[in-house]
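Per chain, numbering begins at 1; letters A, B, ... match sequence-line order.
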Protein chains: 2
Amino acid sequence: EELVVSGVELDDTQARLTLLDVPDQPGYAAKVFHAIADADVFIDMIVQNVSTAGQTHLSFTVPRTQIERARAAAAKVVGASHVAVEPQIAKLSVLGVGMRTHTGVAMRMFGALADKNINITLINTSEVRINVVTDFGHGRAALECLRTAFEINGDY
Amino acid sequence: EELVVSGVELDDTQARLTLLDVPDQPGYAAKVFHAIADADVFIDMIVQNVSTAGQTHLSFTVPRTQIERARAAAAKVVGASHVAVEPQIAKLSVLGVGMRTHTGVAMRMFGALADKNINITLINTSEVRINVVTDFGHGRAALECLRTAFEINGDY
Ligand SMILES: C[C@@H](O)[C@H](N)C(=O)O
Ligand SMILES: C[C@@H](O)[C@H](N)C(=O)O
């Protein structure tokens with residue numbers, strides 16, 4: 001599978017909110033995002049995995065300037081003790097148009113971060129990208145190691 | 001925020017694997033996807049949320065025909081008891097080029113599914129789409145209700 005990666009990007013302007021242990025019942029996500037929309041919060045990534053024991057976590061990322069508004073809106077729905085805030089995150093994206101399958105790119109991307117001992121806290125993929133979130137402090141190092149792994153020079 | 005939704009899609013050809021309670025340590029995702037790549041498995045979505053108590057779940061979706069190969073490869077890394085397989089899923093995507101923020105689309109999408117009592121088991125967003133996974137049996141109903149909610153006629 002010819003790797004078709006065209007670029008690597010770092011966005012370290014966002015924050016992450018995680019709603020912990022929300023009930024996995026129809027309508028719950030709608031309630032949360034209704035409150036977030038009412039608070040006029042701008043959302044980039046939304047990530048939810050499958051539930052265990054009827055509960056799951058719901059994470060989303062927002063511009064750092066909107067974190068307090070987002071936290072207050074989410075707390076109204078799930079209760080303040082269920083809202084975990086990470087005020088600074090680093091989002092790394094590997095871009096590959098025509099990435100028919102994510103397997104090869106994922107292996108190389110996660111392998112490069114592993115070699116630098118950088119932990120992956122969130123993963124989300126799209127048709128043309130793989131996005132991961134790491135600690136804010138590892139953002140620059142993660143960007144450099146991914147540029148090297150995919151042979152992308154620093155002009156991007 | 002003008003909603004810019006251009007289409008709604010259903011893909012009910014995939015299966016989902018979830019690796020339960022994997023250690024949230026650098027290098028673990030690399031090991032998993034190395035094994036998956038060696039087994040020549042084709043991956044569409046990858047979803048991982050933040051960990052609690054040092055562990056997290058790692059889900060990915062594959063063509064239904066590759067589920068056994070994927071399961072065997074994953075079991076080699078995490079142990080068979082940590083691999084949960086959902087052999088049939090429905091992936092619903094709402095497409096919106098120029099979706100500057102996901103908030104409005106998310107609210108309407110999740111609200112429409114809630115009104116039909118359809119549970120959301122997985123969420124993943126990209127720059128131009130919001131993808132959710134529901135039970136396979138709800139795929140068609142979910143597609144119809146999202147077409148109505150976003151006023152997309154059935155020609156797509
Ligand atoms: C957790 C949340 O996504 C829930 N399953 C819902 O459908 O709203
Ligand atoms: C769980 C897995 O993503 C781990 N955090 C890693 O970096 O590999």
Side-chain angles (χ1 to χ4, degrees), chain A residues 1 16 18 20-21 24-34 36-37 40-52 56-60 84 86 100-104 106-107 109-133, chain B residues 1 16 18 20-21 24-34 36-37 40-52 56-60 84 86 100-104 106-107 109-133:
Chain A
E1 163 87 10
R16 188 199 68 226
T18 300
L20 296 163
D21 302 321
D24 185 16
Q25 289 153 8
Y28 210 83
K31 246 189 289 180
V32 167
F33 287 94
H34 198 84
I36 300 288
D40 217 17
V41 171
F42 200 97
I43 291 179
D44 178 23
M45 295 200 293
I46 305 172
V47 175
Q48 178 203 316
N49 210 330
V50 298
S51 63
T52 37
T56 185
H57 307 322
L58 191 56
S59 288
F60 54 94
E86 182 62 56
R100 264 167 22 82
T101 156
H102 289 102
T103 320
M107 183 179 75
M109 181 181 190
F110 301 159
L113 295 169
D115 291 349
K116 292 280 186 276
N117 213 30
I118 295 172
N119 195 47
I120 299 167
T121 58
L122 209 78
I123 305 173
N124 129 336
T125 52
S126 79
E127 303 60 50
V128 291
R129 274 171 198 251
I130 297 183
N131 303 309
V132 301
V133 171
Chain B
E1 165 90 9
R16 189 200 68 226
T18 300
L20 296 163
D21 302 323
D24 185 19
Q25 290 152 11
Y28 210 83
K31 241 188 292 182
V32 167
F33 287 94
H34 197 70
I36 300 289
D40 215 17
V41 170
F42 200 98
I43 290 179
D44 177 23
M45 295 201 294
I46 305 173
V47 176
Q48 178 201 316
N49 210 330
V50 297
S51 62
T52 38
T56 185
H57 306 323
L58 192 56
S59 288
F60 54 94
E86 182 61 55
R100 269 166 16 84
T101 158
H102 290 101
T103 320
M107 183 178 76
M109 182 181 191
F110 301 159
L113 295 169
D115 290 347
K116 290 278 183 287
N117 213 29
I118 296 174
N119 195 45
I120 299 167
T121 59
L122 209 75
I123 305 174
N124 135 340
T125 52
S126 80
E127 302 61 47
V128 291
R129 274 171 198 245
I130 297 183
N131 304 309
V132 302
V133 170

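Counting heavy-atom pairs closer than 4.5 Å to chain A, the top residue among B:A114, B:S59, B:G111 is B:S59. Interface summary for chain B: among A:Q25, A:E86, A:E127, the most heavy-atom pairs under 4.5 angstrom belong to A:E127. With respect to chain B, the highest number of heavy-atom pairs below 4.5 Å among A:I130, A:L20, A:T125, A:V132 belongs to A:T125. For chain A, the option among B:M45, B:H57, B:K31 with the highest count of heavy-atom pairs below 4.5 Å is B:H57. Counting heavy-atom pairs closer than 4.5 Å to chain B, the top-ranked of the candidates A:M109, A:R16, A:K116 is A:R16. Contacts with chain B were tallied for A:T18, A:I120, A:D44, A:V41; A:D44 has the most, counting heavy-atom pairs under 4.5 Å. Ranked by heavy-atom pairs under 4.5 Å with chain A, the list B:I46, B:N124, B:T121, B:V47 is led by B:I46.
Scanning for side chain to side chain donor-acceptor pair (under 3.5 Å) contacts around A:N119 gives B:D24, with sequence neighbours left out. For A:F110, the ring-ring contact (aromatic ring centres under 6.0 Å, His included) partners two or more places apart in sequence, or in a different chain, are B:F33.
Rounding to the nearest 0.5 angstrom, the gap separating the NE2 atom in B:H102 from the CZ atom in A:F60 is 13.5 Å. The CD1 atom of A:I123 lies 10.5 Å from the CG atom of B:N49; values are rounded to the nearest 0.5 Å.
When side chains are defined from C-beta on, A:P26 does not count as touching B:I118, because their heavy atoms never get closer than 4.5 Å.
Inspection of the A:T56 and A:S51 side chains reveals no N or O donor paired with an N or O acceptor under 3.5 Å.
Heavy-atom distances place no part of B:L113 under 4.5 Å from chain A, backbone and side chain included. With a 4.5 Å cut-off on non-hydrogen atoms, B:L58 touches chain A through its backbone and its side chain both. Contact of B:N131 with chain A is made through the side chain alone, with heavy-atom distances under 4.5 Å.
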